[in-house]
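Data first, discussion second: the structure below is written as structure tokens.
When reading the values below, keep in mind they use all heavy atoms of this one structure, side chains included, and skip hydrogens, waters and symmetry mates.
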Amino acid sequence: MIEIPTFAVWMETNRAQGFPDEATAWAVYNDRVYRSMQALFEDPHVAVNRQEAAVAEIAATAFLESAFGADWVKERFPLADHREELGPWVQQARQRQELARRVFEFQSEPWFTDFLSYTKRNEVASAIFEADVLQTLMRVPAGITRVTESGVKGQDYDILLKLAHIGEVPVEVKYKQDDTPFSEATVRNTVKGAAKQLPRGCVGWLFVHVPTAWVSPGRGDEYTEALCEALRQTSRVGVVFTAVDKPFHDEEAGKIRHRRFWELYKDDGASQELWEAALLLRGLLDKDWDFFAPRAPF
């Protein structure tokens with residue numbers, strides 16, 4: 001059985017070690033979890049039978065149970081362990097592991113408690129996408145703050161990004177479920193809703209997750225046109241990052257995986273500096289460079 005305590009629980013157990021600050025304690029905790037996971041991966045039985053992926057999934061589930069409780073995990077991912085045949089369990093198993101990774105990676109952040117509370121209350125896929133955007137932005141050498149939900153228009157955006165030579169950039173995140181039908185009105189309302197949550201006088205970024213069907217041949221142009229028309233109606237959104245997850249079969253791992261593709265759109269009102277920062281981020285994503293972003297061991 002694999003057990004991975006949360007950083008908070010580990011701190012309580014190891015407080016007597018007298019760490020000079022929380023950053024040092026986190027470094028020690030992170031290193032110990034990595035070492036313990038590496039020992040599991042290198043176990044002869046695991047290595048010979050190529051069970052590293054299974055061990056990583058078990059560890060991720062165990063950690064998620066440490067953070068949220070076993071009952072919550074079972075309630076939110078009821079199909080993840082029902083593997084009699086290829087089916088809906090694939091997506092839930094992937095979501096469970098991805099959420100566990102993000103929860104682990106964010107533990108040392110000052111907004112972590114608020115992130116946990118938000119995740120507990122909201123739909124899993126939406127919470128995971130916001131977490132993915134947070135981790136994506138951490139690839140850039142910049143300050144990242146998750147904004148506490150306030151319910152006040154113009155102050156209720158999701159993330160505040162602090163970039164050198166630009167300053168503060170508000171970021172809004174929108175997730176469209178895979179069964180959401182495409183329409184120009186849906187795109188327009190998504191952008192309009194995001195704009196209302198961004199502060200007046202500022203130009204921000206919008207991250208949108210869209211269903212795979214929205215970028216199929218022919219439909220991609222319709223989406224771009226609808227996005228362009230929607231942005232003409234607001235000056236608060238300067239750059240839109242559109243994410244789409246396309247499934248593929250990983251023959252080496254013997255698993256169905258998803259590869260994320262990003263499309264960028266620049267509004268005429270965005271400054272060149274804001275656009276160049278967006279291009280920098282896309283370049284890091286294309287090269288899969290994440291020097292500054294945290295990474296979970298499972």
### Task
Compare every heavy atom of Leu161 with every heavy atom of Ala142, then report the nearest pair and how far apart it is.
CB-CD1, 3.8 Å
### Task
Identify the two heavy atoms, one from His209 and one from Arg260, that lie closest to each other, and give their separation to 0.1 Å.
CD2-NH2, 4.0 Å
### Query
Parallel, tilted or perpendicular: which describes the rings of Tyr175 and Phe129, with under 30° parallel and over 60° perpendicular?
tilted
### Query
For the residue pair Tyr223 and Trp214, does the interplanar ring angle fall in the parallel (under 30°), tilted (30 to 60°) or perpendicular (over 60°) class?
tilted
### Query
Ignoring hydrogens and geometry, is there a side-chain-to-backbone donor-acceptor pair from Ser117 to Thr113 under 3.5 Å?
no
### Thr234 side chain to Ala230 backbone, donor-acceptor under 3.5 Å
no
#### Entry: Intermediate values then yes/no, salt bridge (Lys or Arg N to Asp or Glu O under 4.0 Å), Glu98 and Arg102
CA-CA 6 Å; Glu98 288 303 308; Arg102 299 300 175 246; 3.7 Å; yes
Polar contact flag, side-chain donor to acceptor under 3.5 angstrom, [X]-[Y]:
| X | Y | value |
| --- | --- | --- |
| Asp132 | Gln135 | no |
| Arg32 | Ser36 | no |
| Gln107 | Tyr29 | yes |
| Asp221 | Thr224 | no |
| Gln197 | Gln155 | no |

Determine whether more than 12 heavy atoms belonging to other residues, nucleotides or ligands lie under 6.0 Å from atom [atom1] of [X].
| X | atom1 | value |
| --- | --- | --- |
| Gln91 | CD | no |
| Glu184 | CD | no |
| Glu3 | CD | no |

From [X] atom [atom1] to [Y] atom [atom2], the distance as rounded to the nearest 0.5 Å:
| X | Y | atom1 | atom2 | result |
| --- | --- | --- | --- | --- |
| Leu280 | Arg139 | CG | CZ | 11.5 Å |
| Thr145 | Trp111 | OG1 | CH2 | 8.5 Å |
| Leu227 | Thr242 | CG | OG1 | 5.5 Å |
| Glu52 | Met37 | CD | CE | 10.5 Å |
| Asp158 | Leu160 | CG | CG | 11.5 Å |
| Glu172 | Leu198 | CD | CG | 6.0 Å |

Contact between [X] and [Y] at the side-chain level, heavy atoms closer than 4.5 Å - yes or no?
| X | Y | value |
| --- | --- | --- |
| Cys202 | Arg236 | no |
| Ile2 | Phe298 | no |
| Val187 | Phe182 | yes |

### Task
Please report the C-alpha distance between Arg76 and Asp71 in whole Å, then the side-chain angles of each, then the deciding distance to 0.1 Å, and finally whether the salt bridge (Lys or Arg N to Asp or Glu O under 4.0 Å) criterion is met.
CA-CA 9 Å; Arg76 294 303 180 96; Asp71 290 342; over 6 Å; no
### Task
Apply side chain to side chain donor-acceptor pair (under 3.5 Å) to the pair Thr24 and Asp21, showing each step before the final yes or no.
CA-CA 6 Å; Thr24 302; Asp21 50 47; 2.7 Å; yes
### Query
Should the pair Glu65-Lys74 be classified as a salt bridge under the 4.0 Å nitrogen-to-oxygen rule?
no
### Query
Is the cationic atom of Arg146 (NZ for Lys, CZ for Arg) positioned less than 6.0 Å from the six-membered ring centroid of Tyr118 and within 45 degrees of its normal?
yes
## Note on the structure
Which of Phe104, Phe19, Phe63 passes ring-ring contact (aromatic ring centres under 6.0 Å, His included) with Trp10? It is Phe19
### Task
Indicate if Leu274 and Val208 have the same hydrophobic cluster label, given that clusters are the connected sets of ILVMFWY residues with side-chain heavy-atom separations under 4.5 angstrom.
no
#### Entry: Ring centre gap for Trp205 and Tyr157 strictly below 6.0 Å
no
